There are 2 protein chains.
Amino acid sequence: MELFSRSGFHAVSLRDIAAHAGMTHAGLLHHFPGKDELLIQVLTRREELAFTQAYDPDDPPALTLSKHLDQLALNMRTPGLVGLFVKVSGEASDPAHPAHDYFVQRYRTLRAGTAELLRTLFAQATPPVEHDPDAVAQQLIALVDGLQTQWLLDPDNVDMRASVVAYLTQLGLDA
Amino acid sequence: MELFSRSGFHAVSLRDIAAHAGMTHAGLLHHFPGKDELLIQVLTRREELAFTQAYDPDDPPALTLSKHLDQLALNMRTPGLVGLFVKVSGEASDPAHPAHDYFVQRYRTLRAGTAELLRTLFAQATPPVEHDPDAVAQQLIALVDGLQTQWLLDPDNVDMRASVVAYLTQLGLDA
DNA sequence: GTCTATACGGGGATAGAC
DNA sequence: GTCTATCCCCGTATAGAC
């Protein structure tokens with residue numbers, strides 16, 4: 001995770017990673033079938049960590065939203081990892097890519113969870129928001145992903161949190 | 001362009017490309033200093049083509065907007081190329097990447113042009129739209145980029161054009 | 001100016017010894 | 001479970017033919 005985050009996927013060799021773990025690259029490949037699979041496991045692990053830290057089913061919906069916004073700010077500490085997700089989710093669009101199924105599933109789950117959260121928030125807002133939670137969920141996730149791309153390239157000219165809050169306000173939610 | 005679009009940047013070798021052009025890889029490298037630079041020139045070329053086809057300074061702003069929406073639909077014919085842009089814009093977040101400056105400049109130009117278009121459209125709308133054109137431009141571009149990521153992974157569950165139109169309608173523009 | 005031939009270092013992956 | 005040795009392909013650089 002450390003090396004991929006710092007330098008990206010292709011810039012790091014299995015020999016680098018193995019050396020940091022005190023092995024040769026062949027030894028590393030005993031534990032992982034290939035570099036791609038190693039990457040997927042790193043990404044999966046990372047997302048599980050972030051999720052279990054941020055999500056608590058006992059939280060009220062408004063707090064969950066606020067925690068997700070904080071997570072956005074936190075991500076800005078690790079541009080390497082953010083870039084890795086952006087890059088790999090692009091690569092993974094190829095159905096033959098080893099991470100393809102993982103990412104397809106990831107976005108479906110993400111959309112469903114976000115839509116569920118929005119449904120509650122829309123109903124609780126005063127006045128209630130009339131938009132379709134599923135459509136907004138897709139837009140919201142797209143907005144965050146796209147902002148990350150722009151922010152990675154030009155950090156000083158992009159304020160991800162502010163832009164997302166503006167979008168939510170525009171919908172009629174106070175974030 | 002064809003090969004990069006089909007398989008992505010790293011999956012294609014200079015030897016592949018050269019073979020398709022009826023040369024050896026060394027011959028190819030006579031015309032391009034390296035693989036990275038070849039990629040940049042392909043991307044630049046592609047964007048110039050799309051731009052000069054779609055943009056006419058004599059068009060009224062509403063037509064320009066509509067043409068851009070059509071371009072979105074057109075992009076859905078070449079998922080490889082869309083994926084390439086997504087992928088490379090992620091890679092290029094590294095300041096050492098050969099396409100870094102190109103992409104930073106691309107997004108600045110894109111934001112400025114979009115903001116300008118939105119400024120006019122906002123003023124002409126009935127009633128006039130009160131949002132900040134610069135902020136909306138950033139959101140709009142992010143939305144399109146993010147939708148592309150989701151669409152690449154799961155084409156059947158993402159309608160890029162509809163989502164963008166919904167966003168514009170939300171703002172108070174009829175697209 | 002255009003290209004081929006060739007070589008170098010490094011990458012991911014595999015086979016088999018310990 | 002980890003190693004060494006090896007394989008083949010990659011991007012790149014150079015020398016030289018036409």
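In what follows, chains are A, B, ... by sequence order, proteins preceding strands, each numbered from 1. Keep in mind that what you see is a predicted model, and the values were worked out from it rather than measured.
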Atom of A:Gly172, atom of A:Ala125 and distance for their closest heavy-atom approach: O-CB, 4.4 Å
Aromatic plane relationship, A:Tyr167 with B:Tyr167 - under 30° parallel, 30 to 60° tilted, over 60° perpendicular: parallel
Whole angstrom value for the distance that separates C1' of C:dC18 from NE2 of A:His30: 14 Å
A:Phe4 and A:Phe9 aromatic ring geometry - parallel, tilted or perpendicular at 30°/60° bounds: tilted
Length of the CD1-P vector between B:Ile17 and D:dC10, whole Å: 11 Å
Residue pair B:Tyr102 / B:Glu47, side-chain donor-acceptor N/O under 3.5 Å: yes
Selection from C:dT2, D:dG11, C:dA15 that lies nearest to any side-chain heavy atom of A:Ala26: C:dA15
5' precedence on DNA chain D between A:Gly27 and A:Arg15 (nearest-nucleotide basis): A:Gly27
Whole-Å gap separating P (C:dG11) and NE2 (A:His10): 13 Å
Touch class at under 4.0 angstrom, heavy-atom based, for A:Thr24 against every strand present: base
Pairwise 5' ranking along DNA chain C for A:Asp16 and A:Leu29, keeping only the more 5' one: A:Asp16
Distance in angstrom units between B:Leu3 CG and D:dG11 P, rounded: 12 Å
Sugar-phosphate only, base, or nothing, as touched by B:His31 at under 4.0 Å among non-hydrogen atoms: sugar-phosphate
Whole-Å gap separating P (C:dA13) and NZ (A:Lys35): 8 Å
Nearest-Å distance for atom pair CD/P, residues B:Glu37 and D:dA13: 13 Å
For atom CG of B:Leu28 and atom P of D:dC10, their distance in whole Å: 13 Å
Integer-rounded Å distance: C:dA7 P and B:His25 NE2: 12 Å
